[in-house]
Amino acid sequence: AVGFEALTSDWLFTPRQVGADPALDSDGPTSDPILLASDESNLTIDAGLYMLASITGVKFEDLNGDGAQNAAEPGIDGVTIELLDALAQTVATTSTDANGSFWFTDLTPGVYTVREIVPDGSEATTPTERTVTLQSGQELDGQNFGNRTVPVPSAVSLLAIGLVCIGYQRYMRTRTA
């Protein structure tokens with residue numbers, strides 16, 4: 001058997017013998033027993049290594065609705081952000097902190113979708129999900145989501161609308177009478 005060691009504790013071994021081709025899959029951290037004659041070689045014994053990755057971003061109040069966080073636009077606390085794998089299965093969920101920041105750490109390299117849950121009373125000013133491909137050791141920042149508050153009609157506006165409707169109904173009755 002051949003044994004392999006990771007360079008540092010940041011490196012992890014890929015799963016052993018995944019795939020149909022023994023020349024391409026990983027045999028580490030310790031291979032199966034190998035029997036060779038004195039004039040024989042086996043160049044298919046190898047080990048794959050990777051580092052964990054992360055995704056970070058900010059959920060912000062997009063006051064001007066331009067889809068970009070400007071200096072005066074604060075982060076939004078308590079918004080749910082989901083992380084889905086390549087099969088669209090939720091693998092992690094988090095909530096934004098007081099600054100609107102969120103992060104997903106200790107991720108294996110691969111394809112993920114980051115998705116926000118738009119809070120009630122808000123509308124998205126940026127796409128509500130995005131698909132990213134993480135490489136070994138990558139720290140992917142800038143996965144930001146913008147929302148703006150949907151204006152709620154005030155009691156005065158609703159009263160004005162109601163009066164207009166009543167006036168219109170009276171006007172229509174007098175025209176048809």
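Note that the structure is predicted; figures quoted are calculated from it, not measured. When reading the values below, keep in mind they use all heavy atoms of this one structure, side chains included, and skip hydrogens, waters and symmetry mates.
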Indicate yes or no for a side-chain donor-acceptor contact from Asn70 to the backbone of Ala72 under 3.5 Å, with no hydrogens or angles considered. no
Whether Thr96 side chain and Ile76 backbone form a donor-acceptor pair below 3.5 Å: yes
Measure across [X] and [Y] and return the closest heavy-atom pair with its distance rounded to 0.1 Å.
X	Y	answer
Thr14	Leu49	CG2-N, 4.1 Å
Ile81	Glu116	CD1-CB, 3.8 Å
Glu40	Leu35	OE1-O, 4.2 Å
Phe104	Glu82	CZ-C, 4.0 Å
Ser26	Gly48	OG-N, 2.9 Å
Met51	Asp10	CG-O, 3.6 Å

State, without any angle test, whether [X] and [Y] hold a side-chain donor-acceptor pair at a distance under 3.5 Å.
X	Y	result
Ser122	Asn147	no
Glu61	Thr149	yes
Asp141	Thr56	yes

Do the non-hydrogen side-chain atoms of Gln17 and Asp27 ever get within less than 4.5 Å of each other? yes
With a 4.5 Å cut-off on side-chain heavy atoms, are Pro109 and Gln135 touching? no
Return the [atom1] to [atom2] distance between [X] and [Y], rounded to the nearest 0.5 Å.
X	Y	atom1	atom2	value
Phe60	Ser101	CZ	OG	12.5 Å
Arg115	Phe145	CZ	CZ	10.0 Å
Thr80	Lys59	OG1	NZ	10.5 Å
Ile45	Leu43	CD1	CG	9.5 Å
Ser136	Trp11	OG	CH2	4.5 Å
Gln69	Leu63	CD	CG	9.5 Å

Single-linkage hydrophobic cluster [X]~[Y], side-chain heavy atoms < 4.5 angstrom:
X	Y	answer
Phe13	Ile34	yes
Leu134	Leu84	no
Leu36	Phe4	yes
Phe102	Leu140	yes

Taking it one step at a time, do Leu83 and Ile55 satisfy side-chain contact (heavy atoms from CB on, under 4.5 Å)? CA-CA 9 Å; Leu83 185 67; Ile55 299 171; 3.8 Å; yes
So does Glu5 have more than 12 non-hydrogen atoms from other groups sitting under 6.0 Å from CD? no
Whether over 12 other heavy atoms sit under 6.0 Å from Glu139 CD: no
Asp32/Arg16 salt bridge by N-O under 4.0 Å criterion: yes
For Leu52 and Leu107, what are the C-alpha separation, side-chain angles and deciding distance, and is it a side-chain contact (heavy atoms from CB on, under 4.5 Å)? CA-CA 5 Å; Leu52 296 175; Leu107 302 173; over 6 Å; no
With side-chain contact (heavy atoms from CB on, under 4.5 Å) as the test, would you mind laying out the steps for Gln143 and Val132 before giving the verdict? CA-CA 9 Å; Gln143 301 307 300; Val132 298; 3.6 Å; yes
Thr44 vs Asn42, test: side-chain hydrogen bond (donor to acceptor under 3.5 Å, both in side chains). Steps then yes/no. CA-CA 6 Å; Thr44 67; Asn42 182 342; 2.6 Å; yes
